[in-house]
Amino acid sequence: MSEVKISAATRTEFGKGAARRIRRDSKVPGVLYGHGTDPLHLTLPGHELLLALRTPNVLIALDIDGKANELAIPKSVQRDPIKGFLEHVDLLLVKRGEKVTVEIPVHAEGELAAGGNLLEHVLNALPVETEATHIPEAVTVSVEGLEAGASILAKDIKLPKGTTLAIEEDAVVLQVLAAQAEEAAEGEEAAAGEEVAEA
């Protein structure tokens, strides 16, 4: 997994006005917490942080005020709902060798059996427990040749060494749906709508 170095500064100003000033400077307010320490309020460079967050569960090596070096993973990211810029980030303090629970993206590869079947992602991300400095970027699952009614459970997914499930083994992650059943349901809804219109 990738480790990204970011320089951060501690901040002493709080509230909406202070946060707006930080964002005007193309920076992002954030909080670093964990390991029973007091939360540390930080200012982070917006562009560097945005690039780092493109990688799910990125490991961030923080250089705080040029004095302290800490490792962290993003726990919560708030974005502007319209413009998409970062508004605030919560970072979780981690140590090398420590286990953390995170969600890793699930990617499907391969072609389903012929017949216009649909693949449903019941879970887009799989909760796992893994070492903080070796978080897998994603897991890839083959759906080659699967037919309608088939499903892939959490226990069916091969995880990298040192990574274990943090979810019920029998949880459905992916399932294959028959396309015609969905079309028939839509047809029934349309028919029901016509009946209502006639009434």
In terms of heavy-atom contacts, Pro74 and Leu91 come closest through CA-CD2, 3.9 Å
Please collect all ring-ring contact (aromatic ring centres under 6.0 Å, His included) contacts where either partner lies in residues 38-84, sequence neighbours excluded, each pair once.
-> Phe14-His41
Taken in chain and number order and not counting sequence neighbours, the residues that satisfy side chain to side chain contact (heavy atoms under 4.5 Å, CB included) with Asn124 are His121
State the CG-NE2 distance between Leu44 and His88, to the nearest 0.5 angstrom.
-> 9.5 Å
Decide side chain to side chain contact (heavy atoms under 4.5 Å, CB included) for Leu92 and Tyr33; before the verdict, give the C-alpha distance in whole Å, the side-chain angles of both, and the deciding distance to 0.1 Å.
-> CA-CA 5 Å; Leu92 180 65; Tyr33 64 93; 3.9 Å; yes
Supply the atom-to-atom distance Glu131 CD to Lys99 NZ, rounded to the nearest 0.5 angstrom.
-> 7.0 Å
Any chance you could measure Ile135, atom CD1, to Thr55, atom OG1, to the nearest 0.5 Å?
-> 11.5 Å
Is Ile60 close to Leu49 at the side-chain level, that is, under 4.5 Å between some pair of heavy atoms?
-> yes
Can you see which heavy atom on Val4 is nearest to which on Ala52, and at what distance?
-> CG1-CB, 4.0 Å
So with a 6.0 Å cut-off around CG of Asn69, is the heavy-atom count from everything else above 12?
-> yes
In Å and rounded to the nearest 0.5 Å, what is the CG to CD1 distance from Leu126 to Ile157?
-> 5.0 Å
Enter the distance from Asp65:CG to Leu40:CG here, rounded to the nearest 0.5 Å.
-> 8.0 Å
Applied to residues 163-175, the side chain to side chain donor-acceptor pair (under 3.5 Å) test, sequence neighbours excluded, yields Glu120-Gln175, Thr130-Thr163, Lys155-Asp170
Using a 4.5 Å cut-off on heavy atoms from C-beta on, say whether the side chain of Val173 contacts that of Val141.
-> no
With Arg96, which residues qualify under side chain to side chain contact (heavy atoms under 4.5 Å, CB included), at least two apart?
-> Glu3, Leu71, Thr133
Write down the atom of Ala108, the atom of Leu119, and the distance for their closest heavy-atom approach.
-> CB-CD2, 3.6 Å
Go through the structure and list residues passing side chain to side chain contact (heavy atoms under 4.5 Å, CB included) with Ala150, not counting sequence neighbours.
-> Leu146, Val176
Residue pair Leu62 / Ala8: nearest heavy atoms and the distance that separates them | CD2-CB, 4.2 Å
If every non-hydrogen atom of Ala132 is compared with every non-hydrogen atom of Val94, which pair is closest and at what distance?
-> CB-CB, 3.6 Å
Do other residues, nucleotides or ligands put more than 12 heavy atoms under 6.0 Å from the NZ atom of Lys5?
-> no
Under 4.5 Å between any side-chain heavy atoms of Ile104 and Asn57, yes or no?
-> yes
At what distance, to the nearest 0.5 angstrom, does CG of Leu177 lie from CG of Leu112?
-> 10.0 Å
For side chain to side chain contact (heavy atoms under 4.5 Å, CB included), just list the numbers for Arg79 and Leu50, CA-CA rounded to whole Å, side-chain angles, deciding distance to a tenth of an Å, and then say yes or no.
-> CA-CA 10 Å; Arg79 295 175 189 270; Leu50 191 63; 3.5 Å; yes
Sequence neighbours excluded, every pair satisfying side chain to side chain donor-acceptor pair (under 3.5 Å) that has a member inside residues 103-113 | none
Worked check of side chain to side chain contact (heavy atoms under 4.5 Å, CB included) between Val106 and Leu123 | CA-CA 8 Å; Val106 177; Leu123 295 176; 5.6 Å; no
For Glu48, which residues count as a side chain to side chain contact (heavy atoms under 4.5 Å, CB included) partner, sequence neighbours excluded?
-> Ile6, Pro45
Check against side chain to side chain contact (heavy atoms under 4.5 Å, CB included), Ile73 and Leu59 = CA-CA 5 Å; Ile73 56 173; Leu59 185 65; 4.0 Å; yes
Co-membership, hydrophobic cluster, residues Val139 and Leu153, 4.5 Å side-chain | no
Looking at residues at least two apart in the chain, or sitting in another chain, which of them share a side chain to side chain donor-acceptor pair (under 3.5 Å) with Ser76?
-> none
Work out which heavy atom in Ser151 is nearest to a heavy atom in Asp156; give both atom names and the distance.
-> O-OD2, 4.3 Å
Name all residues meeting the side chain to side chain donor-acceptor pair (under 3.5 Å) criterion together with Glu87; count only those two or more places apart in sequence or in a different chain, and write none if there are none.
-> none
